[in-house]
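Written below as structure tokens is the structure these notes are about.
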Amino acid sequence: PVLVVDYGAQYAQLIARRVRDAHVYSEIVPSSMPTAEILAKDPAAIILSGGPSSVNSDDTPRPEAALFEAGVPVLGICYGFQAMAVALGGTVEPTGLREFGGTTMTVSEPGALMAGLPEQQSVWMSHTDCVSVAPEGFTATAATAGAPIAAFEDASRHLAGVQFHPEVAHTPHGQAVLRHFLYDIAGITPDWTMSNVIEDQVAAIRARVGDKRVLCALSGGVDSSVAAALVHRAVGDQLTCVFVDHGLLRAGEAEQVEKDYVTATGINLKVVDARDRFLTALAGQTDPETKRKIIGREFIRVFEAAAREVDAIAPIEFLVQGTLYPDVVESGGGTGTANIKSHHNVGGLPDDLQFTLVEPLRNLFKDEVRRIGLELGLPEAMVWRHPFPGPGLGIRIIGEVTAERLEILRAADAIARAELAAAGLDRSVWQFPVVLLADVRSVGVAGDGRTYGHPVVLRPVSSEDAMTADWSRLPYELLAKISTRITNEVPEVNRVALDVTSKPPGTIEWE
Ligand code: XMP
């Protein structure tokens with residue numbers, strides 16, 4: 001792989017994704033990893049990411065000189081560029097001119113990194129220090145007003161660095177710079193494609209699972225659906241999927257899983273209708289955390305019972321999970337994040353059933369998972385589905401969850417989603433929760449009569465990873481249409497509001 005050494009910027013994942021966009025497999029490693037361990041992974045190349053520290057302060061993480069002497073091609077970016085300069089004998093100092101954002105760069109000598117690119121180009125900068133003297137053997141190839149050396153390279157040693165951020169979309173030629181590094185300086189053949197990933201994973205799963213049986217909890221979401229389809233491609237009917245219908249799904253979702261998914265994959269699916277059970281357990285509950293805990297607990301119990309039944313027919317040894325690469329990177333990062341909301345996943349498993357996990361998506365980003373889903377023939381509607389929380393509509397009804405309230409929310413939600421899709425905007429919005437303020441009522445007028453109904457809140461958000469989000473600026477015409485349709489077609493709702501809060505301070509869901 002190409003290893004991206006993470007110096008603590010949020011850019012490391014972006015760099016890894018851009019490398020993969022160039023069809024080269026990449027992984028992220030923490031900057032605390034010793035050089036020997038990095039080299040033991042036999043990297044095809046190494047990229048040092050940006051980071052918040054200054055190379056001139058004492059306690060900053062730095063690459064050792066040995067990293068550059070192993071004959072492995074290295075590209076330094078921003079902080080990584082400066083750290084590389086210092087490690088090899090160059091000088092880094094504050095220039096007095098800080099550069100943040102789009103900056104014009106002049107290429108004096110294209111070298112390998114900037115071959116064929118315009119002499120003047122815009123690059124995205126974010127720095128206070130800069131490299132003032134390049135290490136011996138390096139040619140400075142570009143400059144900006146605040147960075148006399150904005151890029152350098154030593155082609156004979158396969159080393160290069162850039163002060164700017166080639167991984168961000170604001171650097172128009174950034175992807176070309178990365179490709180030049182990967183293909184021309186590092187000599188890597190671009191052969192990381194989704195069909196190769198499918199082939200490799202299918203072989204790996206077969207080798208691992210042999211003739212044993214595998215279980216998967218299907219949620220209807222993209223990750224578990226693609227993971228199951230991949231495992232099914234590898235071991236066929238040795239896989240059984242369990243789908244728990246907890247009654248907190250959106251209109252048409254259970255049917256989609258039951259029909260479309262099974263038709264597309266031929267997977268063995270066991271559907272458990274637990275709608276009444278969840279409603280009973282949720283009766284009278286209004287506290288968000290209590291509701292979440294009840295839903296999580298009931299889910300595990302129902303899944304457990306189903307797993308036992310499947311296991312009784314023939315013992316199950318493996319359990320599929322749709323874990324993605326960002327989760328792996330984040331949990332490896334070891335920084336304990338505060339428990340803002342208790343998220344529910346199929347974590348708790350029956351003690352007497354010992355499963356080994358199969359996580360075929362552990363090395364993949366979400367967009368790659370979607371492409372694999374499409375290659376495996378899953379329906380587009382499923383592959384492009386917005387993320388949906390495990391507790392479902394249960395945490396989008398503010399107040400007690402009842403069958404009647406679920407019906408109201410489902411109707412309003414279906415209208416909002418249909419109109420978003422009709423406007424061609426569903427792929428530009430990350431998620432579009434509709435929230436029912438079930439305990440709030442307001443006065444309205446319909447025809448000649450007074451109404452006393454409930455408000456719903458539209459919560460369209462844009463996001464890269466759900467960690468931060470902004471409210472989506474949907475066109476007024478679309479909002480008007482959704483509002484008119486909901487208030488006309490859902491009699492219990494007489495008011496539609498729009499949530500214009502970013503995350504933070506808001507969260508995406510209301511509970
Ligand atoms: P918040 O509301 O914390 O949500 O901004 C962040 C993302 O997580 C989803 N979410 C969940 N997903 N189980 C899940 O699988 C949960 O319990 C859960 N709660 C929130 C939410 O929809 C958003 O995408």
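Note that ligands are numbered from 1 as they come in the structure, with each ligand's atoms numbered from 1 the same way.
Taking a cutoff of 4.0 Å between a charged side-chain nitrogen and a carboxylate oxygen, D367 and R370 do not qualify as a salt bridge.
In terms of polar-atom proximity, F388 is not counted as a contact of ligand 1, lacking any N or O under 3.5 Å from an N or O of the ligand. At least one N or O atom of I508 sits closer than 3.5 Å to an N or O atom of ligand 1.
Because its NZ or CZ atom is not both nearer than 6.0 Å to the ring centre of W471 and within 45° of the ring axis, R459 does not count as a cation-pi partner of that residue. Within the cation-pi definition used here (under 6.0 Å to the ring centroid, within 45° of the axis), R20 qualifies as a partner of Y325.
Evaluated for a side chain to side chain donor-acceptor pair (under 3.5 Å) with D21, the options R17, R18, H23 yield exactly one hit, R18.
Within the listing of ligand 1, atoms 1 (P), 2 (O), 5 (O) sit less than 4.0 angstrom from a heavy atom of T507. If you number the atoms of ligand 1 from 1 as listed, the ones under 4.0 Å from a heavy atom of P391 come out as 13 (N), 16 (C), 17 (O). Near K503, the atoms of ligand 1 lying under 4.0 angstrom from a non-hydrogen atom of the residue are 1 (P), 3 (O), 5 (O), 6 (C).
With R396, E509, E511 as candidates, the residue nearest to atom 22 (O) of ligand 1 on a non-hydrogen basis is E509.
Among residue pairs with one or both ends in residues 473-485, those qualifying as side chain to side chain donor-acceptor pair (under 3.5 Å) are E419-R485, D470-R473, R485-E489; sequence neighbours excluded.
Taking a 4.0 Å cut-off on heavy atoms, R292 registers as neighbouring ligand 1.
Checked against side chain to side chain donor-acceptor pair (under 3.5 Å), D426 has no partners two or more places apart in sequence or in another chain.
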